[in-house]
Enquirer: 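Got a structure here, written out as structure tokens. Questions coming.
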Amino acid sequence: MALSVISKLNVLVGALVLAGSLAPAAHGQLGQPTQLAVEISGLNEPQGQVCLNLFDSRDGFPSNRDEALQTLCLETPENLSEERLLVATFEELPPGSYAVSVFHDANSDGEFNRNFVGMPAEGFGFSRNPGVLTGPPDFGEVVVLVAGAETRIEIELSYF
């Protein structure tokens, strides 16, 4: 019985030593700039543009572009493939936690349009693809860790 406990302790100590020897290399990589590639799927029509907002805090999330860390808009290609997939890339980011909001600006007016009862009239989505029924998700529900050379996420657009 005592031998079994000693063997388990040896394995645990060995694992901790190995983890400690790997930690400096991992920590050194955390300081390197990284990029976040966002694959946007579910686009229902090839018109207008798709706009993304990148946030590093809950301030302004999900739609205040003035408080977003970065904003990108991509024209939708006329020959959108059957997968209806677009890719947007945020570059030169410090490693950390981020949230992304996306909307399909079908009429290219630069606004996320709503109908007369306040429901979205254009497609939208968020990192981590949360279910959205009564309002936008909380920042904490959609945050993703961005580290290494590149992090890729997929956002599926929703339409009402």
Side-chain angles (χ1 to χ4, degrees), residues 19 22-160:
L22 295 176
H27 182 352
Q29 292 175 348
L30 288 178
Q32 304 284 330
T34 185
Q35 65 182 27
L36 173 62
V38 182
E39 297 177 356
I40 304 151
S41 61
L43 193 63
N44 71 353
E45 54 190 327
Q47 67 183 38
Q49 60 185 352
V50 174
C51 295
L52 301 88
N53 296 312
L54 178 71
F55 294 88
D56 62 354
S57 76
R58 64 182 70 250
D59 296 337
F61 179 82
S63 58
N64 187 340
R65 289 183 177 179
D66 293 334
E67 294 194 46
L69 184 64
Q70 289 185 34
T71 298
L72 295 173
C73 289
L74 305 172
E75 293 296 320
T76 58
E78 289 181 20
N79 61 349
L80 195 60
S81 68
E82 287 185 24
E83 298 90 33
R84 300 176 188 258
L85 184 71
L86 291 174
V87 179
T89 304
F90 294 101
E91 297 183 1
E92 297 296 317
L93 297 173
S97 298
Y98 298 93
V100 180
S101 63
V102 179
F103 74 97
H104 176 198
D105 184 15
N107 60 2
S108 295
D109 68 353
E111 300 292 325
F112 180 58
N113 301 127
R114 298 175 182 271
N115 65 20
F116 68 97
V117 294
M119 297 290 291
E122 296 178 306
F124 63 93
F126 302 95
S127 44
R128 297 186 56 197
N129 296 303
V132 177
L133 295 176
T134 59
D138 184 59
F139 178 82
E141 293 177 69
V142 298
V143 72
V144 294
L145 179 62
V146 177
E150 179 184 72
T151 300
R152 291 185 86 75
I153 64 170
E154 182 179 323
I155 297 179
E156 177 81 26
L157 292 177
S158 298
Y159 293 84
F160 285 113

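Positions are given from 1 along the sequence.
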Enquirer: Which residue pairs satisfy the salt bridge (charged side-chain N to carboxylate O under 4.0 Å, His left out) criterion with at least one member in residues 100-116, sequence neighbours excluded?
Expert: none
Enquirer: Can you see whether Ser41 engages Glu156 through a side-chain donor-acceptor pair at a distance of less than 3.5 angstrom?
Expert: yes
Enquirer: Rounded at 0.5 Å granularity, tell me how far NE2 in His104 sits from CG in Asn113.
Expert: 11.0 Å
Enquirer: Measure the CG-SG distance between Asn53 and Cys73 for me, rounded to the nearest 0.5 Å.
Expert: 7.5 Å
Enquirer: Might you point out which heavy atoms bring Gly135 and Val132 nearest each other, and give the distance in Å?
Expert: O-CG1, 3.2 Å
Enquirer: Look at the side chain of Thr34 and the backbone N and O of Val146, then say whether any donor-acceptor pair between them is shorter than 3.5 Å.
Expert: no
Enquirer: Is a donor on one side and an acceptor on the other found under 3.5 Å between the side chain of Ser158 and the backbone of Gly125?
Expert: no
Enquirer: Might you point out which heavy atoms bring Val143 and Arg128 nearest each other, and give the distance in Å?
Expert: O-CD, 3.0 Å
Enquirer: Only counting residues at least two apart or in another chain, list the ones meeting salt bridge (Lys or Arg N to Asp or Glu O under 4.0 Å) with Glu39.
Expert: Arg152
Enquirer: Once ring-ring contact (aromatic ring centres under 6.0 Å, His included) is applied, do any residues pair with Phe90, and if so which ones, sequence neighbours excluded?
Expert: none
Enquirer: Does the Asp138 side chain pair with the main chain of Glu141, one donor and one acceptor, at a distance under 3.5 Å?
Expert: no
Enquirer: On a heavy-atom basis, which atom in Gly123 and which in Phe112 lie closest, and how many Å separate them?
Expert: O-CE1, 3.8 Å
Enquirer: For the CG atom of Leu69 and the CG atom of Asp56, what is their distance to the nearest 0.5 Å?
Expert: 4.5 Å
Enquirer: Begin from the C-alpha positions of Phe61 and Phe139 and carry the test ring-ring contact (aromatic ring centres under 6.0 Å, His included) through to its verdict.
Expert: CA-CA 7 Å; Phe61 179 82; Phe139 178 82; 5.8 Å; yes
Enquirer: Measure from the side-chain N and O atoms of Ser57 to the backbone N and O of Asp59, and report whether any donor-acceptor pair falls under 3.5 Å.
Expert: yes
Enquirer: For Ala88 and Leu52, which heavy atoms make the closest approach, and how far apart are they?
Expert: CB-CD1, 3.7 Å
Enquirer: Using the side chain to side chain contact (heavy atoms under 4.5 Å, CB included) rule, pick out the option among Ser101, Pro137, Pro62 that qualifies with Val142.
Expert: Pro137
Enquirer: Which distance, rounded to the nearest 0.5 Å, do you find between the CD of Gln70 and the CZ of Phe55?
Expert: 12.0 Å
Enquirer: Main chain of Gln47, side chain of Thr76: is a donor-acceptor contact present, judged purely on distance under 3.5 Å?
Expert: yes
Enquirer: Look up atom OH in Tyr159 and atom CD in Glu122, then write down how far apart they are to the nearest 0.5 Å.
Expert: 8.5 Å
